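For reference, the structure is listed below as structure tokens.
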Number of protein chains: 2
Amino acid sequence: MSPGNIPQYRQLYETLRRHIVDGLYREGDLLPSENELCKLHGLTRPTVRKSLDLLAHEGFIKRHQGLGSVVHKLPKGIGILSISGTTTAIGKENLETRTIIRPGLSPWPDDFPFSLSDNEREAGCMHFTRLRLVNGKPVIYDISYIPNINLPRFSARNLNNKSLFNILRAAYRIEVKGGEQYIKAINAPDPEICRILDIKHDTPVLHLQRRIDTSRLNFYIYSILYCNTSDHSLYGIF
Amino acid sequence: MSPGNIPQYRQLYETLRRHIVDGLYREGDLLPSENELCKLHGLTRPTVRKSLDLLAHEGFIKRHQGLGSVVHKLPKGIGILSISGTTTAIGKENLETRTIIRPGLSPWPDDFPFSLSDNEREAGCMHFTRLRLVNGKPVIYDISYIPNINLPRFSARNLNNKSLFNILRAAYRIEVKGGEQYIKAINAPDPEICRILDIKHDTPVLHLQRRIDTSRLNFYIYSILYCNTSDHSLYGIF
DNA sequence: CAGTGGTCTAGACCACGGT
DNA sequence: CCGTGGTCTAGACCACTGC
């Protein structure tokens with residue numbers, strides 16, 4: 001009975017999500033009722049509800065008892081505060097990713113903002129940086145650190161315009177599950193980063209430190225981001 | 001059979017949550033298994049799982065198939081990016097709230113960052129501001145706007161050291177359900193805010209624009225925040 | 001009132017981790 | 001191998017919205 005290992009609630013979620021972002025449902029529209037979705041897709045209500053839970057959790061719909069599931073306005077900022085990488089909002093067309101420093105082995109930085117396990121320390125880390133551009137303008141500089149554990153040939157892979165998360169899933173069957181982040185406002189720290197982001201020395205930027213959970217036990221991805229938010233706010237739901 | 005209108009999954013969630021923040025379970029500990037929790041509390045597994053979904057969603061636990069529910073390290077920043085007000089992290093002892101501008105009616109600002117419905121425009125808005133201090137130092141300046149719809153005697157209420165959300169629930173039976181936010185880094189905008197946050201003119205601060213959903217249909221709370229993050233990062237999960 | 005989402009039960013089978 | 005969480009079924013009753 002297994003339809004290819006992807007759970008049914010996930011499939012329904014993807015379908016509805018695509019319909020929303022493609023504009024088939026518009027802001028304020030009602031989704032079909034839960035019972036209708038059950039009949040349409042041959043599922044039971046708990047399964048359908050799980051799909052809707054996901055959509056509501058990510059801000060695509062809002063549910064009202066007695067009324068239905070209302071489609072939410074799509075956000076206008078960069079959806080980096082949620083999961084699924086940066087790509088959620090804005091529309092992929094405008095988003096570009098360039099690798100600045102290609103993946104390579106390096107020691108962990110001395111001032112690393114997260115505490116590391118002994119395993120992680122011993123393994124050393126893969127280090128690489130990427131620049132995200134919106135409409136050709138640099139917006140986010142992303143410095144990534146990945147423990148060098150069981151990732152054969154990782155450094156040979158091309159990260160341009162591909163989601164790091166997709167590579168991890170396809171090549172190593174590692175699913176990203178969420179994470180935690182610390183956010184600050186700072187003045188652009190060093191001349192190198194100012195040059196990369198094309199900003200002046202005293203420009204305020206967002207500074208994010210993230211630890212990203214994966215489906216592999218005790219395997220985390222670390223990321224430090226500098227964001228020029230003068231033209232694009234970051235967007236999140238809570 | 002109704003135990004006072006609070007759902008059972010919510011009660012179990014609150015219980016487990018309290019046990020975690022009180023230190024009864026510590027970082028890395030395993031929670032009782034789902035089946036054990038069923039027996040302990042006389043619930044079925046879907047109900048227990050809903051409690052654990054909530055805990056996982058808010059970052060208190062992380063679940064691993066085949067292993068169990070692992071208690072997560074408690075965050076060190078200010079948990080303002082999630083729900084439940086600002087109070088989640090840091091420990092209540094250090095957090096203080098002062099009302100700067102008491103609630104009063106005022107017109108909506110001209111440059112309001114969210115689009116307002118006709119209903120909201122006509123109703124006018126309650127406006128007030130609060131300052132959040134950590135260890136006696138100002139950290140967050142919160143400017144709130146609430147549509148003046150069916151909120152009798154709101155301006156008479158004292159907001160000091162009480163959660164706005166608690167007042168809404170207790171006095172008006174309005175539950176806060178989530179929301180969306182736009183985040184930027186800016187230089188402290190005007191002398192008034194610099195004075196209130198006790199910072200210099202060119203200090204970078206976090207700027208948050210939030211629209212908060214409630215259980216009342218088409219009733220939103222709006223909030224603009226300025227955060228001095230030089231000593232305390234904001235913390236969030238995703 | 002009918003229809004909606006919110007809560008809950010009592011089972012089932014599967015994939016995965018640790019032993 | 002056993003116990004864990006992940007998925008799913010087929011029902012039930014309730015609270016709320018709109019008419």
Side-chain angles (χ1 to χ4, degrees), chain A residues 1-14 16 28-57 61-72 150 173-175 177-178 213-219, chain B residues 1-14 16 28-57 60-72 173-175 177-178 213-219:
Chain A
M1 271 308 168
S2 155
N5 231 348
I6 297 176
Q8 311 188 55
Y9 77 86
R10 186 89 204 170
Q11 295 182 38
L12 176 54
Y13 158 81
E14 301 283 358
L16 294 173
D29 284 358
L30 282 174
L31 249 45
S33 78
E34 298 182 354
N35 283 319
E36 282 173 333
L37 288 172
C38 291
K39 289 171 200 157
L40 284 170
H41 297 87
L43 303 170
T44 54
R45 235 183 100 203
T47 306
V48 167
R49 279 182 64 74
K50 185 141 188 173
S51 309
L52 298 176
D53 284 346
L54 266 183
L55 287 170
H57 178 64
I61 63 170
K62 201 182 152 191
R63 290 144 109 191
H64 290 284
Q65 196 171 147
L67 178 58
S69 298
V70 184
V71 174
H72 194 280
N150 275 339
R173 294 209 288 172
I174 295 176
E175 296 280 345
K177 290 176 78 175
D213 300 329
T214 72
S215 55
R216 192 187 282 185
L217 206 48
N218 294 321
F219 181 77
Chain B
M1 270 307 169
S2 155
N5 231 349
I6 297 175
Q8 310 187 54
Y9 76 86
R10 187 89 204 167
Q11 295 181 37
L12 177 55
Y13 159 80
E14 299 285 357
L16 294 173
D29 285 358
L30 283 174
L31 248 46
S33 79
E34 299 183 353
N35 283 318
E36 283 173 333
L37 288 172
C38 290
K39 289 171 199 156
L40 283 171
H41 298 86
L43 303 170
T44 54
R45 206 151 78 96
T47 306
V48 166
R49 277 181 67 73
K50 184 141 188 174
S51 309
L52 298 177
D53 284 345
L54 267 182
L55 287 170
H57 179 64
F60 290 102
I61 63 171
K62 201 181 151 191
R63 290 144 108 189
H64 289 285
Q65 197 172 142
L67 178 60
S69 297
V70 185
V71 175
H72 194 279
R173 294 208 288 171
I174 295 176
E175 297 280 345
K177 290 176 79 174
D213 300 329
T214 71
S215 55
R216 192 187 282 186
L217 205 48
N218 294 321
F219 182 77

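Labels below follow one simple rule: chain letters A, B, ... track the order of the sequence lines, proteins then strands, and each chain is numbered from 1. On a predicted model such as this, the values are computed, not experimentally measured, just so you know.
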* **Test side chain to side chain contact (heavy atoms under 4.5 Å, CB included) applied to A:L12 and A:K50, step by step** => CA-CA 9 Å; A:L12 176 54; A:K50 185 141 188 173; over 6 Å; no
* How long is the span from the CG atom in B:N35 to the OG1 atom in B:T44, to the nearest 0.5 Å? -> 11.0 Å
Length of the [atom1]-[atom2] vector between [X] and [N], whole Å:
X	N	atom1	atom2	answer
B:Q11	C:dT7	CD	P	12 Å
B:R49	D:dC8	CZ	P	11 Å
A:L12	D:dT7	CG	C1'	14 Å
B:K62	D:dT4	NZ	C1'	16 Å
B:R10	C:dG6	CZ	P	14 Å
B:Y13	C:dT7	OH	C1'	18 Å
A:E175	C:dC16	CD	P	11 Å
B:F219	D:dT17	CZ	P	15 Å

Can you see if the side chain of [X] gets near the phosphate of [N] - specifically, an N or O under 4.0 Å from OP1 or OP2?
X	N	result
A:Y9	D:dT7	yes
A:Q8	D:dT7	no
B:S69	D:dG5	yes
B:R63	D:dG6	yes
A:K50	D:dC8	no

[X] side chain to [Y] main-chain N or O, any donor-acceptor pair under 3.5 Å?
X	Y	value
B:E36	B:S33	yes
A:T214	A:F219	yes
A:T47	A:Y9	no
B:E34	B:R49	no

Distances under 3.5 Å between nitrogen or oxygen atoms of protein and nucleotides 14-16 of chain D:
residue : atom : partner : partner atom : Å
D:dA15  : N3   : A:Q65   : OE1          : 2.9
D:dC16  : O4'  : A:Q65   : OE1          : 3.2

* Assign each of A:H64 and A:S215 to its nearest nucleotide of DNA chain C by heavy atoms, then name whichever residue's nucleotide is nearer the 5' end. =>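 With A:H64 and A:S215 compared, the 5'-side residue is A:H64.
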* Toward the 5' end of DNA chain C, by each residue's nearest nucleotide, A:G68 or A:P46 ->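 Here A:G68 is the residue nearer the 5' end.
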Please pick, from [options], the nucleotide with the shortest atom-to-atom distance to any side-chain atom of [X].
X	options	value
A:R45	D:dT9, D:dC13, C:dT4	D:dC13
A:N35	C:dT7, D:dG5, C:dT4	C:dT4
B:S33	D:dT7, D:dT4, C:dT9	D:dT4
B:E34	D:dG5, D:dT7, D:dT4	D:dG5

* Hey, are the side chains of B:V70 and B:R63 touching, using non-hydrogen atoms and a 4.5 Å cut-off? ->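 A side-chain contact is absent here, since even the closest heavy-atom pair is not under 4.5 Å.
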* To do: Assess whether side chain to side chain contact (heavy atoms under 4.5 Å, CB included) is satisfied between A:L37 and A:L52, documenting all intermediate values.
  => CA-CA 10 Å; A:L37 288 172; A:L52 298 176; 4.2 Å; yes
* Name the nucleic acid region contacted by A:L217, choosing base, sugar-phosphate or nothing; use a 4.0 angstrom heavy-atom cut-off, strictly under. => sugar-phosphate
* How is A:T44 classified with respect to the nucleic acid when contacts are heavy atoms under 4.0 Å: base, sugar-phosphate, or nothing? -> base
